[in-house]
Amino acid sequence: MGKISDALKWTRKALTLNPTDSNCLQLTTLLLSAQKQYTEALAVCDVAANEWPDDFGLCFVKAQLERVAIGSHKALRTSRVMLETWKAKYHEDVDEVRGSGLLDKVLWEKRELSQFELASLSGREPPRTSSPTQSSMALSSSRHDLAGDAQSVHISITPSVAKPRMAQAWSTQAEIWRLIAKCYLEMDKEKDAAMSLDEARLLDPLSPAGLCQNGFVWGG
């Protein structure tokens with residue numbers, strides 16, 4: 001405990017010099033939560049999240065703190081914001097279809113995640129808009145029909161450029177769904193938790209964290 005207090009002194013000094021340093025804010029939040037100072041930790045985390053709304057590391061820390069200090073319903077609200085952020089950040093880079101489409105259905109639903117069952121969305125099909133990547137691929141394909149084999153080479157190369165970036169993106173979205181599943185389990189909503197884990201599995205099927213969490217759901 002003494003070492004944590006010493007560490008907090010240093011991080012607070014660092015924040016006086018640079019109040020918006022994301023690494024320092026995240027470390028300060030973790031140190032405060034280790035001391036069970038959840039209210040102060042959440043306050044620091046809110047500052048950091050407002051400064052870097054697309055920093056998923058900070059958002060995960062915030063949601064975990066909310067689960068402990070406030071309740072799963074609050075963490076679900078942050079999880080939905082994370083899904084919205086994911087969609088906005090990676091929409092242009094999507095070059096393949098993954099998942100069951102649950103992301104779009106959840107975002108199309110205006111209610112909070114805690115206010116409805118995921119199964120109720122199964123028959124709904126929200127309007128889909130093609131991403132710029134998909135639109136450019138369709139345009140390139142049309143040009144290929146007119147211009148010949150040269151455009152074919154362009155089509156085969158373009159989608160692969162985003163794959164390394166998207167590999168991490170799919171993993172991040174899967175982690176969000178696993179967080180949502182954890183919240184649902186704490187609210188005794190096992191069906192919703194199972195659907196969330198299924199979505200995570202479709203996005204990142206070889207994740208050790210996902211396989212382990214599946215064991216908790218189906219074995220518990």
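Atoms considered below: every heavy atom in the structure, side chains included; atoms not considered: hydrogens, waters and symmetry mates.
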Once rounded to the nearest 0.5 Å, what's the spacing between atom [atom1] of [X] and atom [atom2] of [Y]?
{"X": "Gln64", "Y": "Cys59", "atom1": "CD", "atom2": "SG", "value": "12.0 Å"}
{"X": "Gln35", "Y": "Leu8", "atom1": "CD", "atom2": "CG", "value": "5.0 Å"}
{"X": "Leu113", "Y": "Met187", "atom1": "CG", "atom2": "CE", "value": "9.0 Å"}
{"X": "Ser22", "Y": "Leu27", "atom1": "OG", "atom2": "CG", "value": "11.0 Å"}
{"X": "Arg98", "Y": "Met166", "atom1": "CZ", "atom2": "CE", "value": "7.5 Å"}
{"X": "Arg67", "Y": "Ser79", "atom1": "CZ", "atom2": "OG", "value": "9.5 Å"}

Worksheet item: Okay, side chain of Lys189, backbone of Ser114: is any donor-acceptor separation there less than 3.5 Å?
Response: yes
Discussion item. Which residues pass the salt bridge (Lys or Arg N to Asp or Glu O under 4.0 Å) test with Asp21, not counting sequence neighbours?
Written reply: none
Response to the item:
Residue set satisfying salt bridge (Lys or Arg N to Asp or Glu O under 4.0 Å) with Glu117, at least two apart, ordered chain then number -> none
Would [X] and [Y] show up in the same hydrophobic cluster when neighbours are defined by side-chain heavy atoms closer than 4.5 Å?
{"X": "Leu107", "Y": "Leu179", "value": "yes"}
{"X": "Leu202", "Y": "Ile180", "value": "no"}
{"X": "Leu31", "Y": "Trp10", "value": "no"}

Worksheet item: Using 30° and 60° as the class limits, which term best fits the ring planes of Tyr90 and Phe56: parallel, tilted or perpendicular?
Response: parallel
Practice prompt. Answer yes or no: are there more than 12 heavy-atom neighbours, outside Lys89 itself, under 6.0 Å from its atom NZ?
Written response: yes
Practice prompt. Work out which heavy atom in Ile176 is nearest to a heavy atom in Leu83; give both atom names and the distance.
Written response: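 Reported closest heavy-atom pair: CG2-CD2, 3.6 Å.
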Worksheet item: Do you know the tightest heavy-atom contact between Arg178 and Ala200?
Response: CG-CB, 3.8 Å
Between [Y] and [X], is the closest basic N to carboxylate O distance under 4.0 Å?
{"X": "Arg80", "Y": "Glu84", "value": "yes"}
{"X": "Lys87", "Y": "Asp104", "value": "yes"}
{"X": "Asp198", "Y": "Arg201", "value": "yes"}
{"X": "Glu112", "Y": "Arg77", "value": "yes"}

Considering only heavy atoms from C-beta outward, does the side chain of [X] approach that of [Y] to under 4.5 Å?
{"X": "Leu118", "Y": "Lys105", "result": "no"}
{"X": "Glu175", "Y": "Asp204", "result": "no"}
{"X": "Phe60", "Y": "Met82", "result": "yes"}
{"X": "Leu32", "Y": "Tyr38", "result": "no"}

Worksheet item: Any side-chain donor-acceptor pair under 3.5 Å between Ser100 and Glu199?
Response: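 The answer is yes; a qualifying pair exists.
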Worksheet entry | Trp170 ring center near Trp86 ring center (under 6.0 Å) | yes
